[in-house]
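Okay, structure first, notes after.
Proteins get letters first, then strands, A, B, ... in listed order; numbering begins at 1 in each. Side-chain atoms are counted along with the backbone in the values below, which use heavy atoms only and exclude waters and symmetry mates.
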Number of protein chains: 2
Amino acid sequence: MSMGTIQPVARATLEDVARAAGVSLATVDRVVNRREGVRAKTVARVEAAVAKLGYRADVAAARLARGQSFRFAFVLPTGSNSFMTNLTEQVARTADWLAGQRGFIDILHVDVFDPDVLAGALENLSPAYQGVAVIALDHPRVRAAIDELAARGVAVVTLVSDAPSSRRLHYVGIDNPAAGRTAATLMGRFLSGREGRVAVIAGSLSLRDHTERQFGFHQILTSEYPDLTALPAIEGRDDSERTRKLTAALLERHADLRGIYCCGAGNRGIAEALEASGRARDVVWITHELTQHTRRFLVRGTLDAIINQDPGHEARSAARVLLAHCMEEPISSDQERIRIDIFLRDNLP
Amino acid sequence: MSMGTIQPVARATLEDVARAAGVSLATVDRVVNRREGVRAKTVARVEAAVAKLGYRADVAAARLARGQSFRFAFVLPTGSNSFMTNLTEQVARTADWLAGQRGFIDILHVDVFDPDVLAGALENLSPAYQGVAVIALDHPRVRAAIDELAARGVAVVTLVSDAPSSRRLHYVGIDNPAAGRTAATLMGRFLSGREGRVAVIAGSLSLRDHTERQFGFHQILTSEYPDLTALPAIEGRDDSERTRKLTAALLERHADLRGIYCCGAGNRGIAEALEASGRARDVVWITHELTQHTRRFLVRGTLDAIINQDPGHEARSAARVLLAHCMEEPISSDQERIRIDIFLRDNLP
DNA sequence: CAGAATTTGTGTTGCGTACCTCAAAAAATG
DNA sequence: CATTTTTTGAGGTACGCAACACAAATTCTG
């Protein structure tokens with residue numbers, strides 16, 4: 001048995017460092033907090049002692065002494081679908097966790113899909129917030145509102161839906177073109193050897209994430225699976241009833257419809273239409289977001305795969321990124337990268 | 001980007017609660033820390049004040065005042081494959097994070113695959129540890145060693161590989177039968193419409209996680225994909241060269257070999273054999289664990305899918321579970337559930 | 001109603017750090 | 001060498017809570 005590095009039982013304190021370096025507490029404090037007025041030679045001595053003792057500031061004590069606290073706003077859509085409901089709940093949980101860390105999250109519900117309303121909400125945000133997480137829209141007014149917040153020194157992260165050319169600090173969400181490509185590869189492989197058409201249903205073609213997914217999907221489908229032809233995307237507006245009708249019409253019109261890729265919401269409508277048509281087992285259906293509904297459809301076999309982004313991870317990541325920025329700490333980028341999950345019936349969490 | 005003035009946010013302290021409840025600080029302390037000697041009526045009054053003010057203990061201050069610190073041992077395998085190397089690095093990072101929280105992690109390297117050596121290591125563990133995370137073996141001696149630690153009051157979590165009937169506190173890892181089922185579904189669907197044989201390569205059939213994966217794989221393949229026949233599992237002993245030879249022999253013997261499921265390590269050998277045979281594009285190969293090697297094979301198209309468990313998540317989860325147990329805090333079970341990731345070329349992180 | 005038992009209040013200390021002031025020492029300058 | 005400037009030291013306070021000792025008030029008991 002080989003042992004790893006054995007660390008000291010009790011951690012070194014600032015006083016230990018001061019004693020080891022032969023300087024006073026005040027000087028050590030000046031060095032570790034990067035204040036002015038210390039000779040380079042002394043800095044080096046202190047830093048050597050820090051390294052030798054493996055000193056690390058006790059975050060609990062530091063936080064207590066600083067007494068800082070933070071207030072963040074999470075701007076989320078009103079009402080809306082299962083995914084957004086999940087996300088809201090996860091943000092609430094994150095808020096609960098943050099409350100123990102002197103961080104406060106206010107959830108503001110806004111009609112996120114209207115650029116003017118969203119931009120207005122951002123512009124009128126109380127100056128009490130040090131950070132904002134927002135489900136963004138890629139629209140000039142929204143971009144301008146984000147840039148203005150950034151200019152005021154407010155940290156802005158975009159959540160789930162990005163505003164790429166804005167001055168947001170960070171985007172917390174998945175790579176949507178890659179998600180579309182993933183869906184296409186699954187579709188292509190699940191349908192290997194068969195010819196026919198594949199339908200693409202989006203919520204709205206003016207939502208950046210939906211068009212990006214669609215783009216990725218088409219890209220792979222046309223280049224890798226020439227036997228499959230993608231139909232022009234149709235807009236279900238994330239509405240179940242409208243989506244049901246559209247899907248039913250598609251099934252009726254195209255006897256050679258082999259697959260459906262839904263890159264938005266409205267999944268209940270698709271399930272109804274598919275099951276009513278009797279072709280549920282035959283048509284490969286791939287959609288986004290694990291919700292109570294999509295889970296049921298997947299277990300039942302109507303749905304074949306779910307491309308998912310974990311709202312819990314996204315909520316926590318947004319909070320961590322904002323917190324880290326306010327405390328001028330680095331973030332570990334691979335922990336904050338939101339993965340594109342694939343769920344089949346067998347690996348549902 | 002400079003921050004504006006940091007505005008302190010009012011946060012209820014113990015004193016506020018005492019004032020609101022009309023009692024002294026000591027009484028509030030007795031109530032919130034569940035000490036004896038307070039009348040039910042007073043308890044109720046204090047709790048009402050806590051609820052009304054939304055009081056939450058400042059975790060930083062509490063931790064500082066308590067001054068407790070924790071020491072955990074992570075028992076990991078010596079040398080070993082890419083996955084274990086990754087895991088070790090992630091544990092080291094977690095240790096770094098925990099060091100700021102008064103937690104210390106020692107990494108002990110042991111030959112985990114020998115039950116006697118592993119059990120011996122656990123038995124001889126320094127009593128300084130309040131918690132242990134171990135890549136377990138499902139073996140009587142190991143179980144006994146875990147139970148003895150548990151009896152001594154040491155929190156034990158099993159990591160990656162479980163010892164189900166032991167008194168371990170928690171298992172941090174994936175559901176291996178489900179992982180096998182997931183692999184089978186992918187295999188079956190990727191090969192839809194084709195007939196033939198599928199090879200199963202395990203590291204060792206005496207490793208519980210490998211046999212469990214195999215079990216799940218066979219279960220789904222035989223019940224759902226009758227056109228595919230699984231060959232008896234062979235043991236590659238996680239050794240690339242041995243695995244290469246075995247794979248080459250399989251390819252030679254079975255002209256109708258359509259797929260390979262590898263539920264252990266030794267992937268470099270499989271890749272070599274597949275590429276040498278010229279059937280790399282034709283045979284569907286699915287394996288476990290995202291490493292630098294498997295990533296390369298996936299991008300190149302030799303490998304078709306990776307079933308993965310995130311070692312970073314596992315390391316952090318183990319630490320969180322141990323820490324929560326030591327501080328008698330609850331754990332949020334869905335954050336600690338390790339997911340079965342599926343990676344295709346398109347959704348690689 | 002005295003005495004005992006229980007409940008509550010007062011007060012103190014310490015955790016490790018941040019941040020501040022003021023004085024003392026050392027170094028740099030003319 | 002005297003003076004200015006820079007660097008360092010000493011010491012204090014505050015953060016919010018835990019933990020404890022001991023006194024005071026209240027309730028219960030016979």
Side-chain angles (χ1 to χ4, degrees), chain A residues 8-47 49-50 53-70 99-103 326-329, chain B residues 5-6 8-47 49-50 53-70 99-103 326-329:
Chain A
V9 186
R11 52 184 311 139
T13 71
L14 273 183
E15 273 198 49
D16 299 328
V17 174
R19 215 173 304 121
V23 298
S24 75
L25 210 74
T27 302
V28 177
D29 174 64
R30 287 175 184 121
V31 173
V32 301
N33 291 314
R34 315 211 130 64
R35 293 188 237 280
E36 293 298 293
V38 184
R39 269 190 309 183
K41 217 176 70 183
T42 316
V43 171
R45 242 198 7 252
V46 172
E47 278 172 350
V50 166
L53 299 181
Y55 169 79
R56 305 238 344 220
D58 182 321
V59 294
R63 193 127 55 188
L64 183 58
R66 255 191 274 266
Q68 354 172 233
S69 62
F70 305 105
Q101 325 271 314
R102 305 170 145 282
C326 288
M327 315 214 320
E328 296 178 341
E329 278 171 1
Chain B
T5 331
I6 291 169
V9 176
R11 185 196 171 78
T13 72
L14 273 186
E15 273 199 47
D16 300 327
V17 175
R19 215 173 306 121
V23 298
S24 76
L25 216 80
T27 302
V28 178
D29 174 63
R30 287 177 185 116
V31 174
V32 301
N33 290 315
R34 316 211 132 62
R35 294 186 232 283
E36 291 297 294
V38 183
R39 268 189 308 184
K41 215 177 72 183
T42 316
V43 171
R45 230 179 39 234
V46 172
E47 279 172 349
V50 166
L53 298 180
Y55 170 79
R56 307 244 338 224
D58 182 324
V59 293
R63 192 127 59 189
L64 184 59
R66 259 190 270 267
Q68 349 171 239
S69 65
F70 304 106
Q101 326 270 316
R102 308 169 96 59
C326 287
M327 316 215 319
E328 295 176 339
E329 279 171 0

inquiry  = Under a 3.5 Å distance rule, please check whether Arg102(B) uses its side chain to pair with a backbone N or O of Gln68(B) as donor and acceptor.
reply    =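 Yes.
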Between [X] ([atom1]) and [N] ([atom2]), how many Å, whole number?
X: Gln68(A); N: dT17(C); atom1: CD; atom2: P; answer: 16 Å
X: Arg34(A); N: dA18(C); atom1: CZ; atom2: P; answer: 12 Å
X: Asp16(B); N: dC15(D); atom1: CG; atom2: C1'; answer: 14 Å
X: Arg63(B); N: dT17(C); atom1: CZ; atom2: P; answer: 14 Å
X: Asp29(A); N: dT21(C); atom1: CG; atom2: C1'; answer: 13 Å
X: Tyr55(A); N: dG16(C); atom1: OH; atom2: C1'; answer: 7 Å
X: Arg35(A); N: dG9(D); atom1: CZ; atom2: P; answer: 15 Å
X: Leu53(A); N: dG16(C); atom1: CG; atom2: P; answer: 14 Å

Rounded to the nearest 0.5 Å, what's the gap from [atom1] on [X] to [atom2] on [Y]? Could you check?
X: Arg19(A); Y: Thr13(A); atom1: CZ; atom2: OG1; result: 6.5 Å
X: Arg66(B); Y: Asn33(B); atom1: CZ; atom2: CG; result: 6.5 Å
X: Gln101(A); Y: Arg56(B); atom1: CD; atom2: CZ; result: 9.0 Å
X: Arg63(A); Y: Asp58(B); atom1: CZ; atom2: CG; result: 8.5 Å

key: Minimum-distance pair of heavy atoms, taken over all atoms of Gly100(A) and Val59(B)   =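 That would be O-CG2, 2.9 Å.
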inquiry  = Does Asp58(A) reach a base, just sugar-phosphate, or nothing at all? Heavy atoms under 4.0 Å.
reply    =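 Sugar-phosphate, backbone atoms only, no base.
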task = Looking at every strand, decide which applies to Ala62(B) at a 4.0 Å heavy-atom threshold: base, sugar-phosphate, or nothing.
result =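 Sugar-phosphate only.
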4.5 Å side-chain heavy-atom contact, Thr42(A) and Val31(A) =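 The answer is no; the side chains never approach within 4.5 Å.
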ask   = Between Asp29(A) and Arg35(A), is a side chain to side chain contact (heavy atoms under 4.5 Å, CB included) present by the stated rule, with each step listed?
value = CA-CA 8 Å; Asp29(A) 174 64; Arg35(A) 293 188 237 280; 2.9 Å; yes
inquiry  = Need to verify one output field. Residue with the more 5' nearest nucleotide on DNA chain C, Ser24(B) or Leu14(A)?
reply    =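 Going by which nucleotide is closer to the 5' end, it is Ser24(B).
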ask   = Closer to the 5' end of DNA chain C via nearest nucleotide, is it Arg39(B) or Lys41(A)?
value =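 This one resolves to Arg39(B).
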ask   = Does Thr27(A) make a side-chain N or O approach to OP1 or OP2 of dG9(D) shorter than 4.0 Å?
value =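 Result: yes.
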message = Counting neighbours of CD on Glu329(A) that are heavy atoms of other residues, nucleotides or ligands and sit closer than 6.0 Å, is the number greater than 12?
response =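 Yes, enclosed.
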Please tabulate the protein-to-nucleotide N/O contacts below 3.5 Å involving nucleotides 12-15 of chain C, giving atom names and distances.
residue: dC15(C); atom: O2; partner: Leu64(B); partner atom: O; Å: 3.4
residue: dC15(C); atom: O2; partner: Ala65(B); partner atom: N; Å: 3.4

Polar atom pairs (N or O), protein with nucleotides 22-24 of chain D, under 3.5 Å:
none

